[in-house]
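Numbers restart at 1 for each chain; the letters A, B, ... are given by sequence-line order, proteins then strands. Just so it is clear, the model here is predicted, and its values are computed rather than measured.
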Number of protein chains: 2
Amino acid sequence: MDGSVEPLKARRIFLLLKERIGSGDLPPGARLPGEPALATEHGVSRVTIRRALDMLAQDGLIDRRAGAGTFVRTQSPVRPLVADLSNVLSHIVEMGRRTGIRLLSFAYAQPPAAVADALGMKPGERTQRSVRLRLIDGAPFSYLITHVPERIGLTYSEQDLATVPLLALLERSGVTVERATQAIGATLAGPEVAEALGLEIGSPLLSLTRVVYAPSGDGVEHLHALYRPDRYSFEMELTRAGEGEERRWSPVPVSGGRRNAG
Amino acid sequence: MDGSVEPLKARRIFLLLKERIGSGDLPPGARLPGEPALATEHGVSRVTIRRALDMLAQDGLIDRRAGAGTFVRTQSPVRPLVADLSNVLSHIVEMGRRTGIRLLSFAYAQPPAAVADALGMKPGERTQRSVRLRLIDGAPFSYLITHVPERIGLTYSEQDLATVPLLALLERSGVTVERATQAIGATLAGPEVAEALGLEIGSPLLSLTRVVYAPSGDGVEHLHALYRPDRYSFEMELTRAGEGEERRWSPVPVSGGRRNAG
DNA sequence: GCCAATTGTCTTATACGGTAGACAGGTAGC
DNA sequence: GCTACCTGTCTACCGTATAAGACAATTGGC
């Protein structure tokens, strides 16, 4: 029933090296360790290393020259998108890049318990669940799953969601949002997300979960976002604040037109 | 050299099911389809399904009862350690947990180009490179690679590094640190890191890169930290700040004894 | 030109992920 | 208690990914 099984170790090493290249750990032009070196380093045979390098070569990430070595190809494929802490892409306009949104799904249903709990909803209440894909210059970089209590979700249309920022929709509906909590973590891409983001299954993803609250304390939005780390990262500036023992790092607030150095 | 490599199809299905559980598609308490059903559904053999379920069980996501079926477990296994934005574990003491540090390596050498660049060092200058493991209640949760310019590194000993926080060492040495930048992303665990953190190769990791600057603008510390996302996450609170078009989320500064709600 | 190191290309043998099927023991419903 | 379905465990077998090693061809430095 099978016939073609994909390599396993080779794929793993492929992903690892791809990651090191993408993160700049292996800068363009750098020469990789020799195949035997990589083999012992990863505790696999040279054949496996070669397979991994084959995949990298096929992706155009490396150049292999017999007798010379293997080199990271000099090309900056895509410059990653940088967001500040509050997850606002403040520099997009300045960078002349365009972002888009694709609405992948839209429905009303019973939310998962975790979401219902976070939003402080009563059992039985429904939410509007939408899945959106954010694109930069046509390339997807984030996968967003949003839950909004049904009564609030009904105040705007599916069409609205595909064009207007959600926060604006909420405020347009008379909901005041002042407070939110968010947590940042990491996961692996499942089949669905991998497909949508154009990744291999098992690729690393940045995850962000944000819950937005109305002044009353009720939750009005639950966002679960997954980002391609090669196209998106959180950056922030810190200063030392406080006195004595309490002296610690503290984030610098983002001022109006500020942009990070590139 | 390995002996235990995870299957591929099984892993695929594992991730898929994990996603369905995490998203609430398979709510806690729900009964999964039988193994034969899952097998035909995914077009794989029952053995493969079993392997996927094994992984889920090991992650504490499901309960399997012979004769009855397989059920989504009602509680999340371990509560991760929570840090605020500035990467300070302010609640550890309150939680009654103890953290420790293990120094894995310590040496002076030429830094990688990316590090030298970030620290603004001249070519040829060396850095002190140290690798440390942070533990919580004896379990490792973060892997820290630190680079410090040689002249600064020489002001403290290897012994110091294993006991005193680096920032304190720097300030003790007369270096004033006021400013830092940091970026948060995600990667996969390589062989070394996986080993140290007790993970499988290819597990997802939270990554943090921080560069600390002296008032002169020179870089004094380059930190590359990798966290187990199941034991560590960044949490923060946000409020809406600014006016009109500029209105956006802004992090709430961490005040002295503040603690996040649990 | 020579030498060392590299990638490219074979060979052979083994390990293992995957399939297919059977069977034992537990559980729940009727 | 009977039955249907479930998980747990085992066997046998296939295809290929991987291991281990040898050898050729190429490159770059000396």
**Prompt:** Angle class for the His222(A)/His147(A) ring planes (parallel below 30°, perpendicular above 60°, tilted otherwise)?
**Reply:** perpendicular
**Message:** Determine whether a donor-acceptor pair (N or O, by modelled atom type, separation under 3.5 Å) exists between the side chain of Tyr108(B) and the backbone of Gly153(B).
**Reply:** yes
**Asked** Which of these nucleotides, dT18(D), dT7(D), dG28(D), is closest to any side-chain atom of Ala68(A)?
**Response** dG28(D)
**Message:** When you measure from the side-chain N and O atoms of Ser45(B) to the phosphate of dT19(C), is any distance below 4.0 Å, counting only OP1 and OP2?
**Reply:** yes
**Prompt:** What pair of heavy atoms forms the shortest contact from Ser207(A) to Ala186(A), and how long is it?
**Reply:** OG-N, 4.0 Å
**Message:** To the nearest 10°, give me the bend of the helix from dG1(C)-dC30(D) to dC30(C)-dG1(D), comparing the axes of its five terminal pairs at either end.
**Reply:** 40°
**Request:** Send over the distance from Arg31(B) CZ to dG29(C) C1', rounded to a whole Å.
**Result:** 12 Å
**Asked** Between Arg64(A) and dG8(C), is there a side-chain N or O to OP1/OP2 distance below 4.0 Å?
**Response** yes
**Request:** Kindly say whether Pro140(A) contributes a backbone atom to a donor-acceptor pair with the side chain of Arg231(A) at under 3.5 angstrom?
**Result:** yes
**Asked** The side chain of Glu35(B) lies closest to which of these nucleotides: dT7(C), dT7(D), dT18(D)?
**Response** dT7(D)
**Request:** Give me the ring orientation class for Phe234(A) and Tyr227(A): parallel if the planes are under 30° apart, tilted from 30 to 60°, perpendicular past 60°.
**Result:** perpendicular
**Asked** Roughly how many Å is it from CD1 in Ile62(A) to C1' in dG8(C), rounded to a whole number?
**Response** 14 Å
**Message:** Under 4.0 Å from OP1 or OP2 of dG26(C): is there any side-chain N or O of Arg65(B) that close?
**Reply:** no
**Fill in**
From CG of Leu38(A) across to P of dT18(D) the rounded distance in Å is 15 Å
**Message:** Whole angstroms only, please: what is the CG-C1' distance between Leu32(A) and dA5(C)?
**Reply:** 15 Å
**Asked** Given atom CZ of Arg50(B) and atom C1' of dG21(C), what is their separation to the nearest angstrom?
**Response** 15 Å
**Message:** Would you say Thr70(A) places a side-chain N or O within less than 4.0 Å of OP1 or OP2 belonging to dT6(C)?
**Reply:** no
**Message:** Tell me whether Ser157(B) contacts the main-chain N or O of Gln159(B) through its side chain, where contact means a donor paired with an acceptor under 3.5 Å.
**Reply:** yes
**Asked** Counting only side-chain N and O atoms of Arg51(A), is one of them less than 4.0 Å from OP1 or OP2 of dT18(D)?
**Response** yes
**Request:** Determine whether any donor atom in the side chain of Arg46(A) lies under 3.5 Å from an acceptor atom in the base of dG8(C), or the reverse, and answer yes or no.
**Result:** yes
**Asked** Would you say dA17(D) has OP1 or OP2 under 4.0 Å from some side-chain N or O of Arg11(A)?
**Response** no
**Fill in**
To the nearest angstrom, the CD1-P distance between Ile49(A) and dA19(D) comes to 9 Å
**Asked** Between dA17(D) and Thr48(A), is there an OP1 or OP2 to side-chain N/O distance shorter than 4.0 Å?
**Response** no
**Item:** Any Lys9(A) side-chain nitrogen or oxygen under 4.0 Å from OP1 or OP2 of dC16(C)
**Value:** no
Tell me which donor-acceptor pairs under 3.5 Å the side chains of residues 29-45 of chain B have, and how far apart each pair is, sequence neighbours excluded?
residue, atom, partner, partner atom, Å
Arg31(B), NE, Ala68(B), O, 3.3
Glu35(B), OE1, Arg46(B), NE, 2.9
Glu35(B), OE1, Arg46(B), NH2, 3.0
Glu35(B), OE1, Arg50(B), NE, 3.1
Glu35(B), OE2, Arg64(B), NH2, 3.4
Thr40(B), OG1, Pro36(B), O, 3.4
Thr40(B), OG1, Ala37(B), O, 3.0
His42(B), ND1, Leu38(B), O, 3.0
Ser45(B), OG, Val47(B), N, 3.3

**Prompt:** Rounded to whole angstrom units, what separation is found between the CZ atom of Phe71(B) and the P atom of dT7(D)?
**Reply:** 9 Å
**Message:** Measure CG/Asp54(B) against P/dT7(D) and give the value in whole Å, please.
**Reply:** 12 Å
**Request:** Report yes or no: does Ser216(B) contribute a side-chain atom to a donor-acceptor pair with the main-chain N or O of Asp218(B) at less than 3.5 Å?
**Result:** yes
